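Reviewing the structure listed below.
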Amino acid sequence: MQVTVLSGAGISAESGVPTFRDVETGLWAKVDPYEISSSQGWQAHPEKVWAWYLWRHYMMESVQPNNGHLAVAAWQDHAQVHVVTQNVDNLHERAGSRNVYHLHGSLFEFRCDACGSPFEGDLPAMPEPVASADPPQCPCGGLIRPNVVWFGEALPEDAWQRSVDAVTNADVVIVVGTSSIVYPAAGLPELALANGTPVIEVNPERTPLSDAATVTLRETAASALPGLLQRLPALLR
Ligand code: BJW
Ligand code: ZN
């Protein structure tokens, strides 16, 4: 059996990583996402964007995978598992998942904005968010940016193609912890449903996918994912 997981920020919430759109605790509650997470925002205020990403990088380094990430990794003993993630953390890999496709890049890689060269220098620790920090400069004079995908930027072609294949070849798609509003990622469950592949949504809140999903589990990732593989036959009967 092939299981394809599409994950979003909610799968890492129980590890202590704030989601984007939670009204009270979400990262977006304190900053304007379109300013901080768009190429226009970067062009206008690179020092503000850099400070925010340095802090998130530091935070993501210091958290641990939770029972949701660990369950998905453990499924590999029983099924062929592919993980399509919108998250820029590395918690799926750290939990042991092998086939992980990062649709929105990684906050553990940095590159020059001008020439694309990878940056491998040291980054300062940033345990608390600050308003402004100057990004390092590449020898070519360009600024160093995180290797993530901002609004208006294209997704990495290879990760996208592998994700489409993983969804197309899946026997079941499990969509966990995403608000299902950011495209093209939100189109992947639609593709599965159009192919007749069952889609299981794991999310404590309703999303635009909820009505169309084959099964919706209103539970958190860390409570629903352990044991979900064993429940599949009953859920899809
Ligand atoms: C739990 C839980 C628990 C809580 N357990 N669950 C109009 C229509 C359609 C599309 C567009 C449009 N206008 C513009 C667009 C395109 C745009 C888009 O989709 N915009 C929409 C917002 C309208 N998309 C793009 O621009 C994309 N690029 C593109 O389209 O390129 C075209 C192109 C082609 C060729 C050349 C040039 C361009 C790029 C999108 C990039 C998104 N980037 C970000 C930032 C990444 C870096 C970073 O991390 O900082 O990605 S934005 C942000 O949203 C981040 C996330 O990956 C993404 C999705 O968020 P996610 O993961 O769903 O998180 P939340 O917070 O929204 O939801 C959390 C969920 O978890 C909630 O539902 C909770 O209930 C739940 N939850 N606790 C389980 N314990
Ligand atoms: Zn450069």
Side-chain angles (χ1 to χ4, degrees), residues 5-29 31-42 49-50 52-57 59-60 66-69 71 84-90 102-119 135-157 159-160 174-190 201-210 216-225 228:
V5 176
L6 170 63
S7 68
I11 196 172
S12 299
E14 288 157 285
S15 292
V17 181
T19 65
F20 290 92
R21 291 173 187 81
D22 282 359
V23 180
E24 307 229 323
T25 59
L27 294 165
W28 292 161
V31 295
D32 176 352
Y34 296 97
E35 185 176 347
I36 213 92
S37 205
S38 68
S39 41
Q40 293 93 321
W42 167 252
V49 174
W50 180 251
W52 195 67
Y53 276 97
L54 262 191
W55 168 66
R56 285 183 60 215
H57 169 81
M59 173 186 57
M60 286 174 183
N66 64 52
N67 286 340
H69 302 102
V84 177
T85 187
Q86 298 168 81
N87 298 342
V88 299
D89 64 44
N90 55 9
H102 282 270
L103 288 180
H104 295 162
S106 167
L107 198 32
F108 292 87
E109 295 166 5
F110 297 84
R111 63 176 156 90
C112 172
D113 191 25
C115 73
S117 299
F119 172 77
Q137 272 199 341
C138 175
C140 85
L143 296 183
I144 301 302
R145 58 164 283 177
N147 194 22
V148 302
V149 180
W150 286 321
F151 285 118
E153 295 185 323
L155 274 58
E157 184 56 42
W160 174 249
I174 296 172
V175 181
V176 51
T178 175
S179 54
S180 288
I181 60 174
V182 174
Y183 281 82
L188 290 171
E190 297 167 5
E201 181 184 57
V202 176
N203 197 315
E205 305 290 337
R206 262 187 89 73
T207 75
L209 174 67
S210 299
T216 294
L217 301 175
R218 291 260 168 274
E219 296 174 50
T220 72
S223 65
L225 296 178
L228 181 54

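Whatever order the structure lists ligands and atoms in, that order sets their numbers, starting from 1. Just so you know, these numbers come straight off a predicted model, no measurement behind them.
The residue among Arg218, Glu205, Arg56, His104 with a heavy atom at the shortest distance from atom 57 (O) of ligand 1 is His104. When Thr207, Leu209, Val149, Val148 are checked for heavy-atom proximity to atom 46 (C) of ligand 1, Val149 turns out nearest. With distances taken over non-hydrogen atoms, the option nearest atom 6 (N) of ligand 1 out of Ala221, Pro18, Pro204 is Pro204. When the heavy-atom distances from atom 27 (C) of ligand 1 to Phe20, Trp160, Tyr183, Tyr53 are ranked, the shortest goes to Tyr183.
Using a 4.5 Å heavy-atom cutoff, the side chains of Tyr53 and Ser37 are in contact. Considering only heavy atoms from C-beta on, Leu188 comes within 4.5 Å of Leu103 through its side chain. When side chains are defined from C-beta on, Val88 does not count as touching His102, because their heavy atoms never get closer than 4.5 Å. Looking at heavy atoms from C-beta onward, Glu201 lies out of side-chain contact with Leu217 at the 4.5 angstrom threshold. The shortest distance between side-chain heavy atoms of Val5 and Leu225 does not fall below 4.5 Å. Residues Val182 and His104 are in side-chain contact: their nearest non-hydrogen atoms beyond the backbone lie under 4.5 Å apart. Contact check for Pro18 versus Met59: side-chain heavy atoms found under the 4.5 Å cut-off. A 4.5 Å side-chain heavy-atom check between Ile144 and Cys112 finds at least one atom pair inside the cut-off.
Listed by number with element, the atoms of ligand 1 under 4.0 Å from a non-hydrogen atom of Val182 are 19 (O), 40 (C), 42 (C), 54 (O), 58 (C), 59 (C). Close approach to Ala13 involves these atoms of ligand 1, each under 4.0 Å from a residue heavy atom: 78 (N). Distances below 4.0 Å separate heavy atoms of Gly152 from the following atoms of ligand 1: 25 (C), 26 (O), 37 (C), 38 (C). Distances below 4.0 Å separate heavy atoms of Gly8 from the following atoms of ligand 1: 62 (O).
Ser38 places a side-chain N or O within 3.5 Å of a backbone atom of Gly41 that can act as its donor or acceptor partner. No side-chain donor-acceptor contact under 3.5 Å links Arg111 to the backbone of Phe119. Counting only distance, with no hydrogens or angles, the side chain of Glu109 and the backbone of Asn147 share no donor-acceptor pair below 3.5 Å. Judged purely by atom type and a 3.5 angstrom limit, Asn87 has no side-chain atom pairing as donor or acceptor with the backbone of Asp89.
Considering backbone and side-chain atoms together, Ser180 places no N or O closer than 3.5 Å to any N or O of ligand 1. Taking any N or O of Trp150, backbone or side chain, none lies under 3.5 Å from an N or O belonging to ligand 1. Looking at Trp52 next to ligand 1, no N or O pair under 3.5 Å apart turns up. Every N/O-N/O distance between Asn87 and ligand 1 stays at or above 3.5 Å. Looking at Ala9 next to ligand 1, an N or O pair under 3.5 Å apart turns up. For ligand 1, one of its N or O atoms has an N or O atom of Gly177 under 3.5 Å away. Backbone and side-chain nitrogen or oxygen atoms of Glu219 are examined, and none is located within less than 3.5 angstrom of a nitrogen or oxygen of ligand 1.
Using cut-offs of 30° and 60° for the angle between ring planes, the Trp150 and Trp42 rings count as tilted.
Rounding to 10 degrees, one finds that the Zn ion (ligand 2) sits at the corner of an angle of 110° between Cys140 SG and Cys138 SG. Geometry about the Zn ion (ligand 2) gives an angle of 110° between SG of Cys112 and SG of Cys115, rounded in steps of 10 degrees.
Neither the backbone nor the side chain of Leu107 has a heavy atom within less than 4.0 Å of ligand 1. Contacts between Ser37 and ligand 1 below 4.0 angstrom, taking non-hydrogen atoms only, involve the side chain exclusively. Counting heavy atoms closer than 4.0 Å to ligand 1, residue Glu153 contributes backbone atoms (N, CA, C, O) but none from C-beta onward. Contact annotation: for Thr19 versus ligand 1, heavy atoms closer than 4.0 Å belong to both the backbone and the side chain. By the criterion of a heavy-atom distance under 4.0 Å, the side chain of Glu14, and not its backbone, is placed next to ligand 1.
Distances from ligand 1 to the non-hydrogen atoms of Val176 include no value under 4.0 Å.
The two atoms that bring Ser12 and Asn66 nearest to each other are CA-ND2, 4.1 Å, heavy atoms only.
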